[in-house]
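Below is one structure; the comments refer to it alone.
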Number of protein chains: 2
Amino acid sequence: MNDSSLVKPRTRQRVLDAVQSLGYIPNKTARVFKSGRSHILGLVISTQHISELAFNAGFQSRFKALTEKAHSEGYNILIITSADAEGRSYFEVIKDQVADGFIILSPSVNEALTPLLEEAGIPYVYNMKYSNRPEDCYYVSSDDVEGGYIAAKYLLDLNHTEIRFIVGIVKGNFMPFNVDRIVGFKRALAEYGIAFREEMIVSVPGQMEESYTMFHHMFQTRRPTALLISNETTTVAALNYFHDHGIRVPQDVSVIGFGPSEFFRHLRPNLTNVSYDIAWSSNKQVDLLLQRIEGQPITPERPKKPELIIRDSTARNVQH
Amino acid sequence: MNDSSLVKPRTRQRVLDAVQSLGYIPNKTARVFKSGRSHILGLVISTQHISELAFNAGFQSRFKALTEKAHSEGYNILIITSADAEGRSYFEVIKDQVADGFIILSPSVNEALTPLLEEAGIPYVYNMKYSNRPEDCYYVSSDDVEGGYIAAKYLLDLNHTEIRFIVGIVKGNFMPFNVDRIVGFKRALAEYGIAFREEMIVSVPGQMEESYTMFHHMFQTRRPTALLISNETTTVAALNYFHDHGIRVPQDVSVIGFGPSEFFRHLRPNLTNVSYDIAWSSNKQVDLLLQRIEGQPITPERPKKPELIIRDSTARNVQH
DNA sequence: CTGTTAGCGCCTTCAT
DNA sequence: ATGAAGGCGCTAACAG
């Protein structure tokens with residue numbers, strides 16, 4: 001049945017006929033047990049990923065790319081969401097899964113997860129740099145410093161100085177990629193001789209309602225002329241707020257989003273955005289994970305540079 | 001280790017201590033093999049589901065609801081996409097998965113799938129009625145006749161007669177739920193004494209670009225005064241087309257969407273829509289599947305009635 | 001209450 | 001080229 005070359009064709013046929021007539025289906029579970037390979041890749045995501053799926057275009061693209069890549073390598077994706085609330089740590093959840101390795105996207109993993117996985121010999125890849133130790137190369141991330149930099153630089157070139165950088169927070173903390181984007185943002189400011197002020201960074205939970213309310217407050221008081229928004233849902237909330245209150249984009253305020261270009265192209269107005277090659281990094285991530293699963297030596301890869309896609313939501317600042 | 005009541009506490013503690021000091025992790029694969037239960041539910045979706053994830057709010061909600069329900073029952077979701085193109089049928093793919101049962105959402109399953117699954121004793125649930133035999137109760141669907149009816153009735157009450165019903169097609173065929181919605185649509189027309197014309201039904205592949213182009217053609221020629229749109233991506237395409245061409249909603253055209261109310265609430269304008277209780281049907285679907293897995297008797301359930309959520313995209317027809 | 005054993009279904013190895 | 005046997009790690013059944 002497994003196409004062994006040690007079997008005579010007519011014997012094989014006899015076996016295949018028997019399979020047919022008996023309706024025999026090999027027991028996949030036993031095969032997995034025996035071979036030690038499930039051909040399943042666990043995708044570890046937060047409950048937030050799921051509950052804010054609707055406008056979370058970054059996660060959507062990642063999910064699509066990972067699924068397609070896994071499929072092309074003969075693997076399937078198993079969705080794993082920890083409910084931290086239940087008191088089980090991600091490690092507890094992960095070690096109970098039948099998967100050959102894990103892709104960990106959750107921003108809320110505990111520091112302690114890495115050593116536990118290492119000790120247990122469970123292959124994994126992160127998509128964020130949770131550690132600064134150079135030997136931890138088990139992640140594929142993006143060049144977020146550059147992303148923050150090019151976005152800010154473009155706004156500064158357009159003569160904007162009252163810029164706000166809206167970043168999502170999880171449990172009161174910036175995500176690592178937002179920390180990097182802020183570094184790039186500050187670097188651009190410095191190059192243009194603009195002093196950084198704390199109020200330029202505005203943090204908000206990524207949900208639609210909270211974001212909408214936040215913009216309401218922001219535009220009641222001192223109006224910025226330009227916005228960088230690190231989160232797609234928050235970007236939609238901003239556009240909706242502007243629509244509802246007659247604030248014109250880009251005439252009254254310029255907006256730059258971060259995330260998949262495709263998504264922003266289907267918003268109105270067409271949004272200028274910083275675009276990361278999520279398909280590329282997802283492919284790399286799966287490659288890296290498969291290398292670990294097969295015990296091959298790891299070939300770390302430099303992140304690709306993000307790209308600024310200029311569309312209709314940004315204009316030269318003519319105020320004052 | 002498995003909390004057997006036959007073990008003395010201090011013996012248990014000795015075992016647990018040994019587990020701790022040895023770093024022993026039970027082999028999940030062997031457990032699955034031995035117990036015959038993987039606690040995995042396979043979610044069978046089409047490649048189209050994945051590639052059009054971005055604005056496919058119905059699939060998103062279903063995915064969310066299924067994942068959460070499965071999780072609450074101690075199961076995880078395994079994503080299964082067949083690539084029909086590769087020449088493997090869904091059955092070939094399904095029988096090779098380690099899952100206790102399958103939730104089949106794909107609209108493109110082959111007629112022959114059901115008997116194959118039955119014969120192989122593989123538990124499954126559909127979310128569409130693929131057959132009209134009353135004994136096939138292995139599906140949970142929605143009352144789509146009613147959905148089409150209430151939407152059309154509302155437009156007729158608003159004095160619209162030039163209505164177009166836009167339905168997605170897969171491989172040139174209407175999906176079963178669209179067939180039902182059209183039945184409801186026609187019923188409403190008949191009640192109001194309006195003759196049904198073939199041109200009232202417009203079919204289009206569900207992608208953004210195709211839909212946009214279709215609306216372009218439609219509004220170049222004879223403009224309808226009201227639109228029913230069965231597909232979320234197509235709805236977004238319509239709104240974008242109207243935005244780009246200065247067609248006002250609802251002043252120039254009324255629009256009703258089908259799908260999750262939340263999603264339509266975040267569009268601009270706020271969309272009137274027919275809302276199905278996807279969380280409810282997803283829960284029922286998992287319940288039904290778990291009943292089948294555990295060999296319990298099946299308790300079929302009537303679908304819940306959809307609801308018309310009236311918002312800002314529909315207005316009385318004052319033309320002529 | 002504790003320790004031992006058989007067997008789940010497959011695949012690989014070895015003997016014929 | 002074919003047939004027979006052992007063992008993967010776990011758990012349920014049984015013996016002590």
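Scope of the values below: all heavy atoms of this structure, side chains included, with no hydrogens, waters or symmetry mates. In what follows, every chain begins at residue 1, and chains take the letters A, B, ... in the order their sequences are listed.
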Show the atom names and distances, to 0.1 Å, of all donor-acceptor pairs under 3.5 Å that link a side chain in residues 13-22 of chain B to residues at least two apart or in another chain.
{"from": "B:Gln13", "atom 1": "NE2", "to": "B:Asp17", "atom 2": "OD1", "distance (Å)": "2.9"}
{"from": "B:Ser21", "atom 1": "OG", "to": "B:Asp17", "atom 2": "O", "distance (Å)": "3.4"}
{"from": "B:Ser21", "atom 1": "OG", "to": "B:Ala18", "atom 2": "O", "distance (Å)": "3.2"}

Checklist entry - Under the salt bridge (Lys or Arg N to Asp or Glu O under 4.0 Å) test, which residues partner B:Asp143, sequence neighbours left out? => result B:Lys305
Checklist entry - What pairs with B:Asn27 under side chain to side chain donor-acceptor pair (under 3.5 Å), at least two apart in sequence or on another chain? => result none
Item to check | Residue pairs involving residues 281-304 of chain A (criterion ring pair (Phe, Tyr, Trp, His ring centres under 6.0 Å); sequence neighbours excluded) | outcome: none
Checklist entry - What residues, two or more places apart in sequence or in another chain, satisfy side-chain contact (heavy atoms from CB on, under 4.5 Å) together with A:Glu52? => result A:Gln48, A:Gln207
Checklist entry - Would a line drawn from the ring center of B:Phe258 to the ring center of B:Phe177 be shorter than 6.0 Å? => result no
Checklist outcome for this item: Sequence neighbours excluded, the answer for side-chain contact (heavy atoms from CB on, under 4.5 Å) partners of A:Leu117 is A:Phe91, A:Ile94, A:Ile104, A:Leu113, A:Ile122, A:Tyr124, A:Tyr126
Checklist outcome for this item: Its 5'-most and 3'-most nucleotides having an atom under 4.0 Å from a non-hydrogen atom of chain A, DNA chain C is contacted over C:dG9 to C:dC11
Checklist entry - Looking at residues at least two apart in the chain, or sitting in another chain, which of them share a salt bridge (Lys or Arg N to Asp or Glu O under 4.0 Å) with B:Asp100? => result none
Checklist entry - Which of residues 10-36 of chain B have a heavy atom under 4.0 Å from DNA chain C? => result B:Thr11, B:Phe33, B:Lys34
Checklist entry - B:Phe33: what forms a side-chain contact (heavy atoms from CB on, under 4.5 Å) with it, not counting sequence neighbours? => result A:Thr29, A:Ala30, A:Phe33
Next on the checklist: Which residues pass the side-chain contact (heavy atoms from CB on, under 4.5 Å) test with B:Asn76, not counting sequence neighbours?
Outcome noted: A:Leu78, A:Ile80, A:Gln97
Checklist entry - Hey, where on DNA chain D does chain A first and last touch, going 5' to 3'? Cut-off is any atom under 4.0 Å from a heavy atom. => result D:dA1 to D:dG9
